[in-house]
> 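Below is one structure. I have some questions about it.
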Amino acid sequence: MSTFDIRLSAKPFIDRQKFPYGFRKSGDFSITEADILAKYGKTLLSLENGELTPASADEQHFVKFTKGQVVPEGSLEKAWEKYVRLARGKRHFYTLHSSASNQADFDEDYTEEDFDVAG
């Protein structure tokens with residue numbers, strides 16, 4: 001893994017709400033991406049939120065990236081971009097049932113007698 005001129009987080013970054021079993025076990029991140037998020041995530045989040053002031057050229061570039069001023073460069077920014085997309089973006093869920101809008105058509109015709117398997 002390449003080194004970044006970005007401060008290491010004091011504690012590992014964990015997002016228990018979106019990734020309750022950790023980044024490595026989520027199946028969404030490579031081992032390298034998971035390690036980057038764990039080591040640098042708190043710093044990156046603080047830089048993104050404006051709680052930390054950029055102290056290096058890499059940190060300044062990261063802040064510009066989070067504001068959409070530059071494209072992501074390097075594995076750190078690409079890992080953060082992926083994290084943000086997965087953690088904050090909309091997730092699509094697919095079911096084997098019809099959609100809720102079609103469900104109203106079926107509810108009117110439903111009766112207990114229609115599904116009585118014993119009788």
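FYI, side chains are in, hydrogens and waters are out, and symmetry mates aren't considered; it's all heavy atoms of this structure. This structure is a prediction, so every number in the text was calculated from the model and none was measured. Sequential numbering from 1 along the given sequence is applied to the chain's residues.
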> Taking the ring of Phe13 and the ring of Tyr83, is the distance between their centroids below 6.0 Å?
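When the ring centroids of Tyr83 and Phe13 are compared, they turn out to be within the sub-6.0 Å range.
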> Over all heavy atoms of both residues, which pair between Val71 and Phe65 is shortest? Give the atoms and the distance, please.
C-CD1, 4.4 Å
> Which pair of heavy atoms, one from Glu81 and one from Pro72, lies closest together, and at what distance?
OE1-CG, 3.5 Å
> Please tell me whether Ile6 and Leu8 are part of a single hydrophobic cluster in this structure, the criterion being side-chain heavy atoms less than 4.5 Å apart.
yes
> Is it true that Lys82 and Asp28 make a salt bridge, defined as a side-chain N closer than 4.0 Å to a carboxylate O?
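The answer is no: the pair does not qualify as a salt bridge.
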> Would you please indicate if the ring centroids of Phe4 and Phe62 are separated by under 6.0 Å?
no
> Within a reach of under 6.0 Å around CD1 of Ile31, are more than 12 heavy atoms found that belong to other residues, nucleotides or ligands?
no
> Working to the nearest 0.5 Å, report the span between CG of Leu76 and CD of Glu33.
11.0 Å
> Is the shortest heavy-atom distance from the side chain of Glu77 to the side chain of His61 under 4.5 Å?
yes
> Start with the C-alpha gap between Phe19 and Leu86, add the side-chain angles, then the distance that decides, and say whether side-chain contact (heavy atoms from CB on, under 4.5 Å) holds.
CA-CA 10 Å; Phe19 302 97; Leu86 292 172; 3.9 Å; yes
> Would you compute the distance between atom OH of Tyr21 and atom CD1 of Ile14 and round it to the nearest 0.5 angstrom?
14.5 Å
> When rounded to the nearest 0.5 angstrom, what is the spacing between CH2 in Trp80 and CG in Leu45?
5.0 Å
> Short question: side chain of Thr66, backbone of Glu48 - any donor-acceptor pair under 3.5 Å?
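No; judged by distance alone, with no hydrogens or angles, the pair does not exist.
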> Can you confirm whether more than 12 heavy atoms, excluding those of Gln17, are under 6.0 Å from its CD atom?
no
> How long is the straight-line distance from CG of Leu47 back to CD of Gln60, given to the nearest 0.5 Å?
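Here the interatomic distance stands at 10.5 Å.
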> Let me confirm one number: the CD1-OG distance from Ile36 to Ser30, rounded to the nearest 0.5 Å.
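So the gap between those two atoms works out to 7.0 Å.
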> Do Lys18 and Asp15 have side chains that approach each other closer than 4.5 Å (heavy atoms only, starting at C-beta)?
yes
> For a quick test of reading the model, state the closest non-hydrogen atom pair linking Ala79 to Phe29 and the distance between them.
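It is O-CE2, 4.4 Å.
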> Please set out all donor-acceptor pairs under 3.5 angstrom arising from side-chain atoms of residues 50-58, sequence neighbours excluded.
from  : atom 1 : to    : atom 2 : distance (Å)
Ser56 : OG     : Asp5  : O      : 2.4
Ser56 : OG     : Glu59 : N      : 3.2
Asp58 : OD2    : Asp5  : N      : 2.8

> If you compare all heavy atoms of Gly41 against all heavy atoms of Ser9, which two are closest, and at what distance to 0.1 Å?
N-OG, 3.7 Å
